[in-house]
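Below is one structure, written out as C-alpha cells; the observations come after it.
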Amino acid sequence: MARTNDDVAAVLEEYADLLAITGAEDFKIRVYQKASRSIGAYPADIADYDATALKQIPNVGESIAGKVAAYLRTGSMAKLEELRARIPAGVRALTRIPTLGPKRAMALHQSLGVDSPESLEAAIHAGALDDVPGFGPKSGENLLHGIALLRQAAERVHLGVAMPLAEDIVAALQKVHGCRRCGYAGSLRRMKDTIGDIDILATSNRPKALMSAFVALPQVTEVIVRGDKKTSVRTEQGLQVDLRVVPPAAWGAAMQYFTGAKAHNIRTREIAGHHKLKLSEYGLFDAGTDELVVSKTEEEVYRRLGLPWIPPPLREDTGEIEAALAGRLPDLVTENDVRGDLHTHTDLTDGLASLEEMAAAAAERGYAYYAVSDHGPDLFMQRMTLDKARSQRERLRELDETCPVRLLHGVELNIGPDGDVDWPADVLAEFDVCVASVHSHFDLPRDRTTRRLVRAAENPCVNVIGHPSARLIGRRPPIDADWEAVFEACARTGTALEVNAFPDRLDLAADLVRRARRQGVKFAVDSDAHAVGHLANLRYGIGAAQRGWLTADDVINTWPLDRLTAFLRKERTLTPA
DNA sequence: GCCGTTTTCGGCCCGACTGTTTTCAGTCG
C-alpha cells in the first residue's frame, strides 16, 4: 500500500521521536526528522537503493544511509529496535497529548510508570501527579483536558470547511478599530487539502482591542492561550484558530513566517544565517547589529535572501528552495488561466440546476468554453438513456448559438471493475468530451485496479479520468493502484487526469499530481459542479494543482479551444475507422 | 549526525506563552 519511501520516512520519524524522549541532543533529533522528510518527498522509489545510492538524497549521510540500507535489506533497524525495547510504545503516544512533549512524557513514565494516555489519566485521578517535581495542579488539569481532546480526535477538516470559516473571521477582524491588515496564513494559505488549525495574521497598533474582539467572536467556544501578540481559541467544531498581531511594518516578514511550512521556514532561516542575517516574524535583521533590514513585504524578504518570491502552495521544503535558487520555479497555473470547466452536471442526472442555469453561470464566470457531462447509463440510479443524452445535446447545440460560452457536450462515464465504460465507441464519438470515473468496487486488488484504470486510459474515446483515486477526504481512502503504471498509460495515450476541485475530494491529490507531471501527464482541473454554487469550488482544485507544481501548460482547460479540441480528438483520428 | 560563500570542525531556527519556578524549561507553531 504505502510506498517504500513513506515507510522509511515513518521509521525515521519514529526514531527521531524516541531519541527526543530519551533526551538526545536537539540537533541529532532534527537530523533524523530532516532525513525522514527528504526521503518522504524524494521522487524516486528507494526500494532497491543501497547505501551509496541513498547518500545522494539530501540530508542522508553515512550513518543514516547505512541504517536505511539495513532496514531495506532486513526489514529492521538495530538502533530503532534498541530504543523500542527501552521505551514502551505508549510513551510515544503520550507526546500526542497537547502540552505534553517528550521531556515531560519521559519524566511521567519514569516517575509514575505510565505508558499510555489512559494510564496517565488514571494516575492523575489518583492524585499521583502531586509527587512529581515540575507538575503542579494546573498541569494535571491541562493534561486531563488534553487527553479528552485527544479522545475526541479533533480531526483535520477539509478546505471547504476551513476556508469559509477563516474568511468569516478575517472579515470580522478587519472591522475592528485599529486593525490595519488582516489575512489568513498557515496551511490554509498553502492550500493543503486538510487543515489542522487556522492561522490568522493581523497588524495593528492596538493589539488588545483586536484580541478582545477575537475571543468574543460567536464561533469561539474556548480560549486556549491569550496574550497581546498571540491568542489561540477553539471553535465549536473543535478547530483551533490562532491570531497573531504584529506591528504594521512587519506584515511581510510575519506573513512569510506564519505561512510556513515549518520545514520551509527552517530553510529560509538557515539561508538568512548564511548571509549573516536573522529572520523572524518581525523582520529580517542584521545578525551582528540587530538592525532591521527588511520586513514590509514577503517579496523583499525573499529577495534579500537571494530568492524569488515563492508561491505559498510550494512552501513545503520539497525542492522549491533548490528550484528557486536555480531560477527554475514553475510558473504556476492560476484560476485566471482557466478558460473552461470540463466536468459538470445538470438536473438531467444528479445535478440541481438546469442546463440553461449552469450555462448562464459559466458565462458569468467568463469562461470561453464549458462542458456539460452528466452521468452515463451505467450509474443506474441516474436513469440516463441514449435518447436523453441525444436530446440534451440538441438543446445544448441550440443554446450554444446564443450563449457567449462555447458549450461542449460531454458525459461522465462509469469505469467498471474491468475498465469497461457505458457505451461503445461509435456512441462515444458523438460526444465532444468523455470523462470516465470510478464510482464503485473500490476494494479490488491493486493489480486489478491498475489494469482497470489503464484500460480506461487506453480507450480511444476517454479524454479525462475523473476523480482518479475516488477518495473522499476523511470518509473513504483512495483506491489502491500502481500509480506510476497509470501515469505512464495516461501520458502514452493522451488521457488527462482530473484534479477534481470538490473540497472533500481534491482528487488527484497534490503529491500524486506532482508525480504524474514528472511522467508528462496532462490534467483537467474541474469543479464536478452539481449546482451553480459549486462552480466556484474550482479555486480549491487550482490550489491542489499548484501544490502539484502544475503550470497552465499542464492543464488542458486553460488552453485555447482549438488546442483543447485537438487534444480531445486523442488517437480517434489516427485509428482507421 | 549532517553539512560547507564560515567551516573536514563546529556549528546547527526563532519567539510567545505557560506553569512552575525565583530565573527558566518545556512546549508549540
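As a basis for the values below, the full set of heavy atoms in this structure was taken, side chains included, without hydrogen atoms, waters or symmetry mates. Throughout, protein chains are lettered first and strands after them, A, B, ... in sequence-line order, and every chain is numbered starting at 1.
- Checking B:dT20, B:dG1, B:dT18 against every side-chain atom of A:Pro137, the shortest atom distance belongs to B:dT20.
- The residue among A:Val60 and A:Ile97 whose nearest nucleotide of DNA chain B is located toward the 5' end is A:Val60.
- Rounded to a whole Å, the NE2 atom of A:His145 is 18 Å from the P atom of B:dT27.
- The phosphate of B:dC14 (OP1 or OP2) has no side-chain N or O of A:Asn265 nearer than 4.0 angstrom.
- Nearest nucleotide to the side chain of A:Arg30, out of B:dG19, B:dC12, B:dC17: B:dC12.
- At least one side-chain nitrogen or oxygen of A:Lys67 sits closer than 4.0 Å to the OP1 or OP2 atom of B:dG1.
- When each of A:Asn59 and A:Glu281 is assigned the nucleotide of DNA chain B bearing its nearest heavy atom, the one mapping closer to the 5' terminus is A:Asn59.
- Only the P atoms considered, B:dT6 is 15 Å distant from B:dC14, to the nearest whole Å.
- Taking atom CG of A:Leu108 as the reference point, atom P of B:dG19 lies 16 Å away to the nearest angstrom.
- As a whole-Å value, the separation of A:Asp130 CG from B:dT20 C1' is 14 Å.
- For A:Tyr257 and B:dG29, a side-chain-to-base donor-acceptor distance below 3.5 Å is present, hydrogens and geometry of angles not being considered.
- Between A:Arg269 atom CZ and B:dG29 atom P there is a gap of 15 Å when expressed in whole angstrom units.
- Both tests pass for A:Arg104 against the ring of A:Phe135: distance under 6.0 Å to the centre and angle within 45° of the axis.
- Residue A:Arg244 has its side chain nearest to B:dA16 when only B:dA16, B:dG29, B:dG15 are considered.
- At the phosphate of B:dG1, neither OP1 nor OP2 sits under 4.0 Å from any side-chain N or O atom of A:Tyr15.
- Between B:dG15, B:dC13, B:dG19, one nucleotide has an atom nearer to the side chain of A:Ser139 than all others, and that is B:dG19.
- In this structure, of B:dG1, B:dC17, B:dT27, it is B:dC17 that holds the atom nearest to the side chain of A:Val225.
- The two residues A:Glu316 and A:Ala263 make their nearest non-hydrogen contact at O-CB, 4.2 Å.
- When only modelled atom types and interatomic distance are considered, A:Gln33 and A:Glu13 share no side-chain donor-acceptor pair under 3.5 Å.
- Relative to the side chain of A:Lys262, the nucleotides B:dT27, B:dA16, B:dG29 differ in distance, and B:dG29 lies closest.
- With B:dA16, B:dC3, B:dT6 as the candidates, the nucleotide lying closest to the side chain of A:His274 is B:dT6.
- Between the side chains of A:Thr551 and A:Asp331, no donor-acceptor pair is found at a separation under 3.5 Å.
- In this structure, the NZ atom of A:Lys34 is 8 Å from the C1' atom of B:dC3, given to the nearest Å.
- For A:Arg96, the CZ atom is loosely surrounded, since the number of other residues' heavy atoms within 6.0 Å does not exceed 12.
- Separating the CG atom of A:Leu201 from the C1' atom of B:dA16 is a distance of 14 Å, rounded to the nearest angstrom.
- Counting only heavy atoms from C-beta on, A:Lys138 has its side chain closest to B:dT20 among B:dG26, B:dT20, B:dG29.
- A:Asp242 has its CG atom 11 Å from the P atom of B:dC17, to the nearest Å.
- Here the straight-line distance linking atom CH2 of A:Trp309 with atom OH of A:Tyr302 works out to 8.5 Å at 0.5 Å rounding.
- Of the candidates B:dT27, B:dG15, B:dG1, B:dG15 carries the atom nearest the A:Lys278 side chain, counting heavy atoms from C-beta on.
- Ranking B:dA16, B:dG26, B:dG1 by closeness to the A:Lys229 side chain, first place goes to B:dA16.
- Here B:dT8 sits opposite no nucleotide as a Watson-Crick or G-U wobble pair (both hydrogen-bonding atom distances under 3.5 Å).
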